[in-house]
Amino acid sequence: MTLHEAIKKLVAQFGESIVTEVRLANLLADLNGYQDYPAMKMVLKEFLKAGYGKKLFDIYSKDSQNAISKSVDFTKTFASVSNYKEDLISYASDCILFALGCITTINEPMTKGYDPYTKGDGDILDNLANQLASLQKEYLDLLDRLATLPQNIYKDAPGYYSTEALNKLYAVEAKIAVIIKETNSTVSLDWCTNKRTEKLEYFKKQKTEAVAKALDELRCQYKKLLASLIIVPKKFGIKRSGHYDDNGEKELSSVEDDIKLNYYNMGKTYDNWCKKEKNKYLAKYHIDNKSVALQLFAKIGIPAAVVIGASGTGISYMTSSSAIEQFEHTIALGEQQASAGEYGKAIQLFSDAKNNYIASFRPGHYQEIAVEHINATVNDVTQSCVKMVEEGRLIDANTLLLSLPHKVISENEQLSEQYNAAKSALDKAINEGLDNIISDIASNHGKLSDTSKQKLNELLKINPNDYWLNFIKNKEK
């Protein structure tokens, strides 16, 4: 059992205040807690005797986060008066914080063996080696504590290091590099970079796995809803195609929105998975128009009252069958265009399907289907546009927005808001690009760098009539 796990076990047995008592060091010996780091027996006992366990506990009782920052000060103070190796003291402090639940990850010390002491001022090389171990432990702790972690792992970016955090890390990296060179240490000069990269990759993997798991769960939920919400009408013994009513469509649409968001968070293009699954499920319960008509005529012999009641529905359906077929054909064409990336043409086809369906059979239902296709496509386009802007693909984002049929967009307030939000993101990026070009001219003795020339040409393709862009272009000639 590791030392930090053993302390956590004793906290569960005796209560949190056990970390303030010197007897904790003796209890740990009974649990064989020092087996990995024998030198920790002396370090931890003296650490507790000096009252640092109680100091950490008192601060933890008021503010657990403050206890983490104070532990660093306590470690350095105790190291300076005790001559114990700083990475061992840091580990003792971390073990207590881990047992109290202040931290969830812990970095074990670099120092192995039975000797807990530094060599003092007499042996400079040995002292530098001890400092290196201490700095390595400090660096690993900073990687854990300085990371900006997502509040919502499904929606936010994976963990990263802010500029302030990186500056603190770089300061420790510089010290480590100097000691490695001075001591001809076997530790690689890339050690810090490798550890930081490993941590960032871990954050990415953590998010990817969480989103992938959530996506699998949402897909299962969607399939269950497809099975539970489908309506398979059989009025007067006449079988008709299965469908989903308005409430069912809303439930399915809500889950589909979550699925699309997970695709976006995984960096994947949404492949209309929900639509494909729904079409496959509806195909199981599809009854073609001719079959309905034959069933109606087969029921002619039933009582007149029933015949009259059924014929009204049958006639309405049969007279609308041509319009339904045309509607479904137009929607299918729109889906093909969307799959090919022709979003503007797809939206126009969906709008045509909605406006041209004037049959008497369930007009609201079919028009709502077209509206959902329009909404979903515009949502995909605006999300793609924002992502392109973030990636610096401004021309692609502009081309995508220009392809949309503005008349269709303007008819819906929500779609207009989505479009305007994407357009604002693009405009902001264009203005920032212009500002960067101007700054580049100022810092480059009135000339454009090659990078800024490329950016200028890109912005002119988007906005060829912009006064300042053309002014800069003409001055550059």
Side-chain angles (χ1 to χ4, degrees), residues 2-4 6-7 18-29 32-60 67-99 102-103 106-142 144-145 168 171-187 191-192:
T2 61
L3 183 60
H4 55 278
I7 295 178
I18 190 65
V19 302
T20 68
E21 302 178 35
V22 179
R23 69 177 176 129
L24 173 63
N26 299 324
L27 291 170
L28 286 166
N32 204 19
Y34 303 111
Q35 60 180 343
D36 294 330
Y37 302 96
M40 283 302 301
K41 183 175 183 179
M42 186 181 298
V43 174
L44 182 62
K45 190 170 186 177
E46 294 302 316
F47 188 78
L48 294 170
K49 276 185 179 181
Y52 287 104
K54 186 175 188 309
K55 288 179 181 179
L56 280 174
F57 179 74
D58 289 344
I59 298 172
Y60 154 75
I68 297 173
S69 60
K70 284 293 183 183
S71 70
V72 178
D73 298 333
F74 294 157
T75 295
K76 294 189 179 298
T77 301
F78 187 56
S80 66
V81 299
S82 67
N83 286 328
Y84 289 133
K85 294 175 181 177
E86 193 173 318
D87 63 324
L88 295 177
I89 300 171
S90 175
Y91 183 49
S93 178
D94 285 354
C95 286
I96 292 174
L97 293 173
F98 179 84
C102 296
I103 58 177
I106 195 164
N107 297 301
E108 297 183 4
M110 301 294 165
T111 300
K112 309 289 183 181
Y114 292 85
D115 183 10
Y117 294 103
T118 63
K119 300 298 181 183
D121 297 329
D123 193 329
I124 295 175
L125 288 178
D126 280 347
N127 198 26
L128 285 176
N130 292 333
Q131 287 185 43
L132 178 58
S134 173
L135 287 169
Q136 285 180 288
K137 173 70 166 59
E138 180 183 351
Y139 190 81
L140 293 174
D141 290 341
L142 288 175
D144 288 334
R145 295 170 189 176
K168 291 180 180 179
V172 180
E173 286 182 25
K175 295 177 184 177
I176 290 175
V178 169
I179 295 176
I180 290 173
K181 290 176 182 177
E182 287 294 327
T183 59
N184 292 320
S185 172
T186 57
V187 177
W191 183 86
C192 292

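Predicted model, so just to flag it, every value in this text is computed and none were measured.
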Just checking, is any N or O donor in the side chain of Y37 or E108 under 3.5 Å from an acceptor N or O on the other one? yes

Determine whether V187 and Q136 satisfy the following criterion, side chain to side chain contact (heavy atoms under 4.5 Å, CB included), listing intermediate values before the conclusion. CA-CA 10 Å; V187 177; Q136 285 180 288; 3.8 Å; yes

Search all heavy atoms of I89 against all heavy atoms of A79 and return the closest pair with its distance. CD1-CA, 3.4 Å

Backbone N or O of T77 within a donor-acceptor pair of the S80 side chain at under 3.5 Å? yes

In terms of ring plane angle, is the pair F78 and Y84 parallel, tilted or perpendicular, where the classes change at 30° and 60°? tilted

Y91 and L44, any side-chain heavy atoms less than 4.5 Å apart: no

Assess whether side chain to side chain contact (heavy atoms under 4.5 Å, CB included) is satisfied between E21 and L48, documenting all intermediate values. CA-CA 7 Å; E21 302 178 35; L48 294 170; over 6 Å; no

Could you tell me whether the side chain of S90 and the main chain of E86 form a donor-acceptor pair under 3.5 Å? no

Would you name the heavy atoms of I103 and D94 that are closest together and state the gap between them? CD1-O, 3.7 Å

For S185 and L132, the nearest pair of non-hydrogen atoms, with its separation, is OG-CD2, 3.6 Å

Scanning both residues in full, the closest heavy-atom pair of L97 with R145 reads CD1-NH2, 4.4 Å

When you compare the side chain of V19 with that of L56, does any pair of heavy atoms fall below 4.5 Å? no

In Å and rounded to the nearest 0.5 Å, what is the OG to NZ distance from S134 to K76? 5.5 Å

Go through L88 and K137 one step at a time and tell me if the side chain to side chain contact (heavy atoms under 4.5 Å, CB included) criterion holds. CA-CA 9 Å; L88 295 177; K137 173 70 166 59; over 6 Å; no

I need the minimum non-hydrogen distance between Y34 and A29, along with the two atoms involved. CE1-N, 3.6 Å

So, do L3 and D36 sit near enough that their side-chain heavy atoms are less than 4.5 Å apart? no

Is the F74 ring parallel, tilted or perpendicular to the Y52 ring (thresholds 30°, 60°)? tilted

Does atom NZ (K41) have a neighbourhood of more than 12 heavy atoms from anything else shown, all under 6.0 Å? no

Taking NZ, NE, NH1 and NH2 as the nitrogens, is one of them in K70 or D58 under 4.0 Å from a carboxylate oxygen of the other? no

Once rounded to the nearest 0.5 Å, what's the spacing between atom CD1 of I176 and atom CD of E173? 7.0 Å

To the nearest 0.5 Å, how far apart are CD1 in I59 and NZ in K54? 10.5 Å

Working to the nearest 0.5 Å, report the span between OG1 of T2 and CD of Q35. 8.5 Å

Non-hydrogen atoms of I7 and A99 that approach each other most closely: CG2-CB, 3.4 Å

Starting from the C-alpha separation in whole Å, work towards a yes-or-no answer on side chain to side chain contact (heavy atoms under 4.5 Å, CB included) for D141 and V72. CA-CA 10 Å; D141 290 341; V72 178; over 6 Å; no

